[in-house]
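Given the structure is predicted, the values throughout are model-derived calculations rather than measurements.
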Amino acid sequence: MAAEEAPAEVPAEGDEVAENIEIVLPPPCMDLTEFPPKNDFFENMVAIDEKAEKIEGANNFRQVSGFPIFGSGQTTEEGFLKLLDKVKALHAEEGSEKLLWFNMRKEPIVYVNGNPFAPRNPEDLHRNLDISFSVEDLDNLEAHYTNILKAQAEKEQTLKTFRDQAFAENPMDREAVEDVLKVVSIKGLYEIYANLKENGFPNLTCFRIPVTEERSAGESCFDMMTEALKNEPASTPCIFTDQMGRGRTTGGMVAACLIKEIQITSELRKMEDIDLVSKSTVDDLIHQKFEGVLPKCQDDDDPFIKGEFDVIKELLEKVPATVEGKRKIDHIIDMCGPVPKGTGLQNLRECIIETKWKYDVATEDKQVAWKVLILNFIERYFYLICFATYALEHGPGGYQKAFTSWMDDHKELRTMIEEGKDKLEWYRTVDAAKLEHLKDLINAPNYKENLGVLIRTIYDFAFVTYADLPRGAIKNNSMRRLAATTLMEILPPDIAERVNKKLEEDPSNSHDFLSLVGLVSYYGSGEDH
């Protein structure tokens with residue numbers, strides 16, 4: 001089929017495709033002709049708890065405890081049916097025939113031989129497309145890209161594709177592998193949706209919520225989710241997906257849980273107002289359903305684990321209503337996060353400082369990508385607090401005001417997060433007095449005799465500097481790296497010159513702390529070796 005033709009009129013998410021009808025599509029919002037398809041799947045993609053129920057073809061499937069809210073990575077063609085069958089079976093008793101499917105991706109999705117692929121920029125194969133177009137334009141773009149791949153396959157009978165070798169959170173650590181596939185079938189995502197409606201799920205309603213990978217949902221995206229859910233019964237099952245089922249999916253699940261919780265609590269409060277149920281009973285029901293104590297973790301009292309970053313503290317101080325918004329959204333974030341508190345993949349609050357720990361131990365070139373993620377995660381958390389504050393205010397009245405309008409009323413918040421998300425300690429502050437003590441030790445005439453004391457002192461120095469990090473590989477690597485850096489920093493110039501010369505002569509030499517101690521001991525005598 002030619003690129004300008006489609007199997008049906010430009011289909012919105014989930015619209016049925018009429019058979020045997022071909023029309024000319026509107027022009028695409030961008031040209032994807034040279035953008036190769038990349039497989040959504042890769043090794044080590046399954047990151048859900050090993051005890052969680054697995055559904056073949058629906059990686060990282062899970063349900064939020066107590067909510068009809070489900071999440072998954074992009075499913076295979078067969079995985080769609082298996083996932084929907086599972087959800088339908090779980091909620092058959094509640095009599096809800098309707099199912100809502102939220103595709104949280106901007107990028108087009110095309111199925112080749114039953115597996116999902118998305119176009120990648122040939123100059124940047126390791127990231128999903130970051131494009132800004134309307135949902136209608138993105139649906140049209142998806143139809144165009146489907147036809148581009150169909151035309152290529154008809155001509156060559158094969159298709160050159162790419163896939164990531166394995167999961168890597170930092171894009172700089174990803175390795176693309178080329179595959180040439182013999183094409184059996186190519187279908188656009190809109191065709192998959194239409195087939196599902198014809199095969200047992202006529203009440204399936206699908207939405208595209210265009211969110212950029214690892215970023216906050218845009219203000220309009222929050223409004224799209226609110227509009228889709230505000231008039232639906234709280235019992236209506238909702239399924240959220242993105243490529244891996246991680247950040248974007250979790251963000252959608254958090255927003256949906258909040259909306260459904262406010263629906264239920266509002267109805268309970270109405271029953272209380274007309275004396276149908278006592279206030280104490282309503283309070284108990286709300287507490288049991290939505291405010292139960294979650295399992296405690298070792299680092300729960302860490303200020304950064306609790307999300308107490310400078311820009312968040314500024315938000316709470318200047319907009320007092322956000323204090324309750326943060327409390328509410330934090331509980332939901334925990335429920336949507338990993339075990340033991342939740343059933344998911346990523347805690348959208350804790351991931352900020354966890355990524356900062358990775359930044360601290362990374363090489364300078366990789367720190368660039370980590371820093372981008374950290375800033376994106378802070379912004380995402382900030383907007384979730386704002387959305388929760390808005391929803392608590394306007395949800396009980398049926399969301400008569402849009403979130404975008406609420407943000408317009410609080411436009412200073414946009415400036416606050418833009419200017420405040422970078423207010424982090426990007427470089428560790430060290431104890432200047434201890435550093436001077438180390439310099440005295442290394443400059444002493446008998447420093448070789450004191451190497452044992454020197455090593456212990458440097459390790460103690462590194463331990464104190466990273467005392468806030470939890471035990472584990474990240475902390476150990478951070479301490480070793482700081483110890484090595486500190487040793488090189490305090491070396492007298494003549495010894496540093498000899499050690500650096502040896503390192504340059506033999507690049508295979510390790511730069512770890514103990515290897516450097518050996519070099520200092522051997523080459524620091526002033527004699528030629």
Side-chain angles (χ1 to χ4, degrees), residues 169-170 173 296-310 313 338 340 347 349-371 373-374 377-378 423-444 446-493 495-496 499-500 503 509-524:
E169 188 175 7
N170 191 318
D173 292 329
K296 288 282 289 183
C297 295
Q298 179 181 348
D299 301 312
D300 279 355
D301 293 329
D302 184 296
F304 294 128
I305 288 290
K306 293 192 290 185
E308 294 175 0
F309 299 93
D310 284 351
K313 290 191 286 187
N347 185 297
R349 181 188 65 256
E350 295 177 3
C351 68
I352 302 170
I353 191 59
E354 289 169 352
T355 308
K356 177 61 165 59
W357 294 336
K358 295 170 185 175
Y359 169 93
D360 287 339
V361 73
T363 56
E364 288 187 12
D365 58 331
K366 292 181 180 179
Q367 280 184 334
V368 175
W370 287 125
K371 184 173 182 179
L373 284 176
I374 294 164
F377 291 168
I378 289 177
K423 292 179 182 177
L424 283 177
E425 185 184 90
W426 295 109
Y427 301 97
R428 289 272 170 170
T429 55
V430 298
D431 189 318
K434 288 190 176 181
L435 191 60
E436 286 302 315
H437 177 58
L438 288 170
K439 289 180 179 178
D440 291 340
L441 286 174
I442 198 71
N443 281 293
N446 62 338
Y447 82 89
K448 284 190 179 181
E449 298 174 11
N450 292 329
L451 272 181
V453 175
L454 184 69
I455 291 170
R456 286 195 300 273
T457 306
I458 290 178
Y459 265 129
D460 178 62
F461 176 74
F463 179 82
V464 170
T465 303
Y466 287 104
D468 60 312
L469 267 62
R471 293 180 180 180
I474 292 177
K475 182 169 188 169
N476 292 337
N477 291 337
S478 298
M479 289 173 55
R480 283 194 288 266
R481 183 182 175 204
L482 179 61
T485 302
T486 301
L487 179 59
M488 292 302 293
E489 182 180 340
I490 66 176
L491 286 178
I495 300 177
V499 171
N500 281 319
L503 291 173
N509 267 330
S510 172
H511 290 216
D512 68 86
F513 177 62
L514 293 180
S515 297
L516 290 176
V517 169
L519 288 174
V520 169
S521 177
Y522 188 64
Y523 291 98

Can you find a pair of side-chain heavy atoms, one from Val499 and one from Met488, that are under 4.5 Å apart? yes

Nearest-0.5 Å distance that lies between atom CG in Asn443 and atom CG in Leu491: 9.0 Å

Separation of Asp440 CG from Thr457 OG1 (nearest 0.5 Å): 11.5 Å

Taking atom CD of Glu169 and atom CG of Leu373, what is their separation to the nearest 0.5 Å? 6.0 Å

Could you give the distance from CG (Asn170) to CH2 (Trp370), rounded to the nearest 0.5 Å? 4.5 Å

A quick test of your reading: do over 12 heavy atoms of other residues, nucleotides or ligands sit less than 6.0 Å from OH of Tyr459? yes

ring-ring contact (aromatic ring centres under 6.0 Å, His included) with Phe377: which residues, sequence neighbours excluded? none

With sequence neighbours excluded, tell me which residues meet salt bridge (charged side-chain N to carboxylate O under 4.0 Å, His left out) with Glu489. none

Taking all non-hydrogen atoms of both residues, which atom of Lys356 and which atom of Ile374 are closest, and how far apart? CA-CD1, 3.6 Å

For Asn347 and Pro338, which heavy atoms make the closest approach, and how far apart are they? N-CD, 3.5 Å

Treating Asp299 as the side-chain partner and Ile305 as the backbone partner, does any N or O pair qualify as donor plus acceptor under 3.5 Å? no

Separation between CG of Leu487 and CD1 of Ile458, rounded to the nearest 0.5 Å: 4.5 Å

Between Lys423 and Phe309, is any pair of side-chain heavy atoms under 4.5 Å apart? no

Lys439 and Ile490: which non-hydrogen atoms are nearest, and at how many Å? CG-CG2, 3.7 Å

With Asp301, which residues qualify under salt bridge (charged side-chain N to carboxylate O under 4.0 Å, His left out), at least two apart? Lys296

Shortest non-hydrogen pair, Met479 vs Ala462, comes out as O-CB, 3.6 Å

